[in-house]
Amino acid sequence: MIPTQRVYLLLFLGMAIAIAISDIWQVSAGIAGALIFDVILLLLMVVDEFRARPHQVKITRSPLGRLSIGRDNTVTLTVESGDRPVQLLILDHYPTEFGGLSAPLAVTLPQNSTQELTYTVHPTHRGEFAWGNIQVRQLGQWGLTWMNWQIPQSVKVAVYPDLMNLRSLTIRLTLQNTGTMKQGKRMGIGTEFAELREYRMGDDPRLIDWKATARRAAATLAPPLQVRVLEPEQEQTLIILLDRGRLMTAQVQGLKRFDWGLNATLALALAGLHRGDKVGVGVFDREIVTWIPPERGNNQLPKLIDRLTPIQPTLLEPDYVGAVTRLVNQQSRRALVVLITDLVDVTASAELLGALGRLVPRYLPFCVTLRDPQVDAIAHAPSLTVADGYNRAVALDLLAQRQVAFAQLKQKGVLVLDAPANQISNQLVDRYLQLKARNQL
């Protein structure tokens with residue numbers, strides 16, 4: 001039982017009456033009057049709470065399912081009132097690690113009604129967390145007390161990588177595959193035979209199929225020339241190496257750089273599986289700590305999510321050469337090898353440059369780095385003070401050093417993508433789809 005503001009106002013009123021009685025009669029009479037007033041008020045509060053107990057509301061929380069890291073995840077509470085109107089304050093005890101409500105939800109319901117209340121939580125760490133009960137305060141009919149109790153709704157909730165982005169990406173890829181975004185067959189850019197058709201002006205003469213034309217000649221005196229239509233090979237291999245070393249522990253836009261890399265890994269894996277590729281993933285620091293062999297099919301993505309979600313970054317320097325060596329031993333066929341990491345400059349990233357150079361020309365190496373948008377902002381911000389000038393100079397130097405390292409990678413035949421960490425997933429998927437369309441693998 002919690003007193004309301006009305007009770008405190010009545011207490012002040014009782015004190016004023018007691019002081020007035022003391023001035024007119026005696027102090028003892030004023031004290032006695034105040035005590036009688038307080039006892040009556042206390043009894044009214046007790047009666048108010050007892051009257052409210054039979055009319056407690058019912059509150060349930062919708063199943064939470066899998067939450068996505070770095071996203072606003074919606075939580076829904078369903079409130080059912082009884083045969084009286086109610087005024088409520090509701091506090092859902094979500095994990096303290098989440099950003100969410102700063103104040104209880106306030107709601108007024110008419111009698112015999114149901115209402116859904118929603119709020120959002122923003123988890124910034126992956127893992128399993130304990131979600132507590134629902135705290136409820138219901139105002140008595142006389143407005144003297146808040147009836148306070150808890151509804152048992154404690155549960156364990158799991159925070160996964162960005163599943164929301166995977167769902168939207170699935171819709172986008174499905175639309176592309178079903179022809180909403182038409183991708184016509186183009187001649188001469190692929191390796192897989194698609195069909196035969198008649199020669200047209202402008203077709204590459206090297207694609208003329210003389211044997212097919214000769215077969216037509218047996219039935220036709222003047223057969224049209226037959227040309228082969230080729231399309232990009234669909235069943236290729238995509239290997240993703242995800243660094244979980246020291247640089248990946250840094251916070252970027254509220255998440256660890258590794259979490260951004262993990263989101264990009266799953267988005268790229270989803271795109272590869274939708275395009276019919278075999279997809280495999282390796283996570284490494286001083287050694288490869290997780291290796292998921294390349295496979296195709298609908299079962300591969302859930303396997304990747306379950307195996308990769310518990311992994312956390314460490315303060316160890318990554319062994320790029322060891323990771324590449326393990327890959328070469330595991331994967332003999334040509335593959336697109338995407339290494340997701342970060343680099344500082346040529347000197348600090350010499351091992352990375354050497355390791356990726358070993359993959360050329362047997363594989364198609366692709367280095368993906370996650371840039372901190374704050375460094376870009378500092379580099380392009382005006383310098384209003386001496387400290388701002390120093391900060392800008394350092395930021396510009398960091399960006400310049402990165403560009404030198406990327407130039408050396410490109411000279412070795414390595415593909416490069418350097419994008420802000422919070423944009424890396426979409427840019428990486430777009431780049432992969434371009435590689436597939438151009439048949440660069």
Side-chain angles (χ1 to χ4, degrees), residues 65-74 120 122-124 126 158-183 232 234-242 252-283 292 294-309 311 335-341 366-371 373 415 417-438 440-441:
R66 295 178 172 184
L67 304 183
S68 294
I69 189 173
R71 291 277 191 165
D72 288 334
N73 298 263
T74 301
T120 59
H122 192 91
T124 55
R126 285 173 290 109
V159 177
Y160 280 74
D162 191 358
L163 301 181
M164 292 183 182
N165 183 60
L166 293 182
R167 284 192 286 268
S168 61
L169 179 59
T170 300
I171 297 173
R172 170 189 166 191
L173 294 172
T174 302
L175 291 175
Q176 290 179 340
N177 288 341
T178 54
T180 303
M181 299 179 179
K182 295 184 179 179
Q183 296 176 328
Q234 295 299 315
E235 296 183 357
Q236 297 170 328
T237 302
L238 167 63
I239 304 293
I240 307 171
L241 295 178
L242 176 59
V252 179
Q253 299 286 298
L255 297 181
K256 292 181 180 178
R257 187 178 269 116
F258 178 79
D259 287 312
W260 292 115
L262 180 56
N263 291 340
T265 297
L266 293 175
L268 179 58
L270 174 61
L273 293 170
H274 263 265
R275 288 294 182 265
D277 287 349
K278 289 183 177 180
V279 178
V281 175
V283 182
I292 305 171
E295 295 181 9
R296 66 172 58 91
N298 296 330
N299 295 329
Q300 182 70 341
L301 185 63
K303 183 189 300 183
L304 293 175
I305 293 174
D306 291 338
R307 291 280 301 277
L308 298 178
T309 294
I311 300 176
L336 171 63
V337 180
V338 179
L339 194 152
I340 301 177
T341 183
F366 187 3
C367 181
V368 179
T369 54
L370 298 88
R371 198 169 69 246
L415 303 176
L417 173 63
D418 181 42
N422 56 339
Q423 302 175 20
I424 195 68
S425 294
N426 292 333
Q427 293 195 26
L428 179 55
V429 170
D430 290 341
R431 186 70 176 276
Y432 163 77
L433 295 177
Q434 292 173 8
L435 293 176
K436 292 287 289 185
R438 297 169 183 170
Q440 288 187 246
L441 180 53

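For clarity, every value in this text was computed on a predicted model and none was experimentally measured. Numbering starts at 1 and runs along the sequence shown.
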Open item on the list: If I take atom CG from residue Leu273 and atom CD from residue Glu295, how far apart are they, to the nearest 0.5 angstrom?
Closed with: 10.0 Å
Open item on the list: Between Trp260 (side chain only) and Val252 (backbone N and O only), is there a donor and an acceptor less than 3.5 Å apart?
Closed with: yes
Task: Heavy-atom closest pair, residues Ala271 and Leu173 - done: CA-CD1, 3.6 Å
TODO: Can you measure from CZ (Arg257) to CZ (Arg371) and round to the nearest 0.5 angstrom?
DONE: 11.0 Å
TODO: Determine whether Ile292 and Gln300 make a side-chain contact, defined as any pair of heavy atoms from C-beta on separated by less than 4.5 Å.
DONE: yes
TODO: Go through the steps for Val368 and Gln427 under the test side-chain contact (heavy atoms from CB on, under 4.5 Å), then give the verdict.
DONE: CA-CA 10 Å; Val368 179; Gln427 293 195 26; over 6 Å; no
Open item on the list: Between the side chains of Arg172 and Asp430, is the shortest nitrogen-to-carboxylate-oxygen separation below 4.0 Å, so that they form an ion pair?
Closed with: yes
Open item on the list: On a heavy-atom basis, which atom in Gly272 and which in Leu238 lie closest, and how many Å separate them?
Closed with: CA-CD2, 4.3 Å
- [ ] Heavy atoms only: give me the nearest Leu301-Leu270 pair and the separation to one decimal.
- [x] CD2-CD1, 3.7 Å
- [ ] Using a 4.5 Å cut-off on heavy atoms from C-beta on, say whether the side chain of Ile305 contacts that of Leu166.
- [x] yes
Open item on the list: Please determine whether a side-chain nitrogen of the Lys or Arg among Arg296 and Asp277 lies less than 4.0 Å from a carboxylate oxygen of the Asp or Glu.
Closed with: no
Task: Arg66/Asp306 salt bridge by N-O under 4.0 Å criterion - done: yes
Open item on the list: For the backbone of Met164 and the side chain of Ser68, can you confirm whether one donor and one acceptor N or O come within less than 3.5 Å of each other?
Closed with: yes
Task: Heavy-atom check, side chain of Lys278 versus side chain of Ile239, under 4.5 Å - done: no
Open item on the list: Could you measure the distance from the CG atom of Leu163 to the CG atom of Leu169? Nearest 0.5 Å is fine.
Closed with: 12.5 Å
Task: Euclidean distance, Leu336 CG relative to Leu435 CG, rounded to 0.5 Å - done: 6.5 Å
Task: Side-chain (Thr309) to main-chain (Tyr160) donor-acceptor, under 3.5 angstrom - done: no
Task: Main-chain N/O of Pro161 paired to Asn263 side chain as donor or acceptor, under 3.5 Å - done: no
Task: Residue pair Asn73, His122: steps toward the side-chain contact (heavy atoms from CB on, under 4.5 Å) verdict - done: CA-CA 6 Å; Asn73 298 263; His122 192 91; over 6 Å; no
